[in-house]
Q: 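Sharing a structure here in structure tokens format.
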Amino acid sequence: MGTLPAWDPAPWNVTFGGPGSGSGPLSGPWYRAGKTQLLGVLLAAAGNFLISVSLSIQKCAHLRLACQADPKPYYTSKLWWCGIILLALGEMGNFTAYGFAPAALVAPLGCVSVIGSAFISVLFLKETMRAADILGGTLAVAGTYFLVTFTPNVPQELTAKKVQNYLVSWPFVIYAILEIIAFSILLYFYKRKAVKHIVVLLMMVALLASLTVIAVKAVAGMITLSVKGKMQLTYPVFYIMCILMAASCAFQVKFLNQAMELYEVTAVVPVNFVFSTTSAILSGVIFYQEFQSAALLSVFMFLFGCLLSFLGVFVITRNRKEEHLQIPYIDCGHIPGQKMTGKIQPDSHWACYGTLNNEDDLGKTQS
């Protein structure tokens, strides 16, 4: 029998080397890039969690004010202001995350806010825990794991000159032209034809969101470099991106509020999440070229993670409105001196709402 070859531990360092050695996932260059990206992931996750906490606190404040004998304006509540402060901190965490992690990774992490809102509502607002919440949360967490694992590590040092080059690159110019055409068509149907379908409204929000993501990442990246000592705030492109960020956010809020007024929150939240996240990923891929050198398997697993996150958000928000419906009429059984129970207010969806029925008119004429 021949002798077995001596075991050489060196090859294992290719894939499982420690920080600072080898070329594996824990090697020096990967570790430094991964550490920066991990910081962005943690900032985005913490920011979205704070947003979910803030929304629950604001809801709790509104419920407390509604139960008072003499309700006061919501802005006089200290609890409501605590929610606003947490909301500002959460948005600041999201903004900062774009300076450390790819836009294609930060945007889908918005599902953390949906998951947090569902479970915080159960703990503090005494809402019912549903099997759909557990299933949706599991899907979203699994999707987030795939997103974090398979998003490619790309250099995050966004100098003003890089942003300028990205702005005049052919992929972005073509993308911007197509986006302007699509937005103009949607705006025509919205303004001229009075089409206010949820898809039309949220598609306009998503198209604006792609510009917001591009501008936010550029501004956050240049501010991050400036803090590190590489001044970028003297370039005109920084202020151009600030203006683009503010304008796109303002119009985004306008159309999103319109959708919230016309449709149920449980319909707006998942559709807006899917549209805006997809738009943000496309903007990161096209403008910042974040998947330029990614392997096909990484791209596939990243898209699979996005799909799981989308499914998780849909499962969590699905049919939730049925648990929060308030009775739109007065129960006669709760009125002193009344024995019968039933609706004493007419159905607002009835064609004769606000008028007398034919039977009532006939009885009145006979009397």
Side-chain angles (χ1 to χ4, degrees), residues 36-37 39-41 43-44 47-48 51 87-110 151 154-184 187 203-256 272 275-292:
T36 302
Q37 184 163 301
L39 177 60
V41 170
L43 285 171
N48 283 296
I51 290 173
L87 180 63
L89 291 175
E91 293 294 350
M92 189 179 299
N94 271 336
F95 176 81
T96 309
Y98 281 103
F100 297 96
L105 175 58
V106 175
L109 291 177
T151 301
V154 293
Q156 294 301 317
E157 286 198 353
L158 281 176
T159 62
K161 292 184 178 179
K162 276 187 179 180
V163 175
Q164 290 174 356
N165 292 333
Y166 288 149
L167 280 172
V168 297
S169 63
W170 279 109
F172 175 70
V173 171
I174 296 173
Y175 174 75
I177 292 173
L178 293 176
E179 182 167 300
I180 291 172
I181 293 173
F183 187 83
S184 299
L187 192 61
M203 276 294 293
M204 289 193 290
V205 172
L207 292 174
L208 291 169
S210 66
L211 297 178
T212 304
V213 168
I214 290 172
V216 166
K217 183 168 177 60
V219 171
M222 286 187 278
I223 290 177
T224 302
L225 283 180
S226 299
V227 171
K228 291 180 180 179
K230 301 178 181 179
M231 181 55 64
Q232 305 293 317
L233 307 186
T234 57
Y235 291 87
V237 69
F238 172 78
Y239 300 97
I240 292 173
M241 285 298 180
C242 286
I243 294 172
L244 178 62
M245 178 179 65
S248 59
C249 280
F251 285 103
Q252 206 176 324
V253 170
K254 168 184 169 58
F255 293 119
L256 186 58
N272 181 59
F275 283 2
S276 297
T277 301
T278 304
S279 179
I281 292 172
L282 284 176
S283 64
V285 171
I286 295 172
F287 188 85
Y288 294 107
Q289 303 172 9
E290 293 174 346
F291 282 83
Q292 188 175 15

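Remember, it's a predicted structure, so these values are computed and weren't measured experimentally.
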Q: Please tabulate, for the side chains in residues 234-244, all donor-acceptor contacts under 3.5 angstrom to protein atoms that are two or more places apart in sequence or on a different chain.
A:
| from | atom 1 | to | atom 2 | distance (Å) |
| --- | --- | --- | --- | --- |
| Tyr239 | OH | Leu233 | O | 2.9 |

Q: Just do the side-chain contact (heavy atoms from CB on, under 4.5 Å) check on Val219 and Tyr98 with the steps written out, would you?
A: CA-CA 9 Å; Val219 171; Tyr98 281 103; over 6 Å; no
Q: Might you point out which heavy atoms bring Ala44 and Val106 nearest each other, and give the distance in Å?
A: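 Heavy atoms of Ala44 and Val106 come nearest at CB-CG1, 4.0 Å.
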Q: Taking the side chain as C-beta and beyond, is there a heavy-atom pair between Ser210 and Leu282 under 4.5 Å?
A: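 Side-chain contact under 4.5 Å: no.
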Q: Mind checking the CG-CG spacing from Leu43 to Asn48? Nearest 0.5 Å is all I need.
A: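 Rounded to the nearest 0.5 Å, the CG-CG separation comes out at 11.0 Å.
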Q: Using only atom types and a distance under 3.5 Å, with no angle test, would you say the side chain of Gln232 pairs donor to acceptor with the backbone of Ser226?
A: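 No: the side chain of Gln232 does not pair with the backbone of Ser226.
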Q: Of all residues at least two apart in sequence or in a different chain, which pass the side chain to side chain contact (heavy atoms under 4.5 Å, CB included) check with Leu187?
A: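 Here the qualifying residues are Phe183, Tyr190, Lys191, Met204, Phe255.
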Q: Ala218 and Tyr288: which non-hydrogen atoms are nearest, and at how many Å?
A: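 Closest pair (atom of Ala218, atom of Tyr288, distance): N-OH, 3.1 Å.
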Q: State the CG-CE distance between Leu225 and Met231, to the nearest 0.5 angstrom.
A: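 That separation rounds to 10.5 Å.
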Q: With rounding to the nearest 0.5 angstrom, report the OG1 to CG distance, Thr212 to Leu207.
A: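 Answer rounded to 0.5 Å: 11.0 Å.
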Q: I need the Lys217 NZ to Phe100 CZ distance, nearest 0.5 Å.
A: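 Answer rounded to 0.5 Å: 10.0 Å.
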Q: Testing the basics here: between Met222 and Leu158, what is the closest heavy-atom pair and its distance to 0.1 Å?
A: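 What the structure gives for the nearest pair is CG-O, 3.5 Å.
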Q: Please report the C-alpha distance between Gln37 and Thr151 in whole Å, then the side-chain angles of each, then the deciding distance to 0.1 Å, and finally whether the side-chain hydrogen bond (donor to acceptor under 3.5 Å, both in side chains) criterion is met.
A: CA-CA 10 Å; Gln37 184 163 301; Thr151 301; 5.1 Å; no
Q: Looking at every heavy atom in both Ala101 and Gly40, which two are closest together, and how far apart are they?
A: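 So the two residues come closest at CB-CA, 3.9 Å.
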Q: How long is the span from the CD atom in Gln252 to the OG atom in Ser276, to the nearest 0.5 Å?
A: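 Between atom CD of Gln252 and atom OG of Ser276 there are 6.0 Å.
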Q: If you compare all heavy atoms of Ala103 against all heavy atoms of Gly284, which two are closest, and at what distance to 0.1 Å?
A: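 Closest pair (atom of Ala103, atom of Gly284, distance): CB-CA, 4.4 Å.
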Q: Taking all non-hydrogen atoms of both residues, which atom of Phe172 and which atom of Tyr166 are closest, and how far apart?
A: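 The answer is CB-O, 3.6 Å.
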Q: Working to the nearest 0.5 angstrom, can you tell me the gap between Phe251 CZ and Leu256 CG?
A: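 Interatomic distance, Phe251 CZ to Leu256 CG, rounded to 0.5 Å: 15.0 Å.
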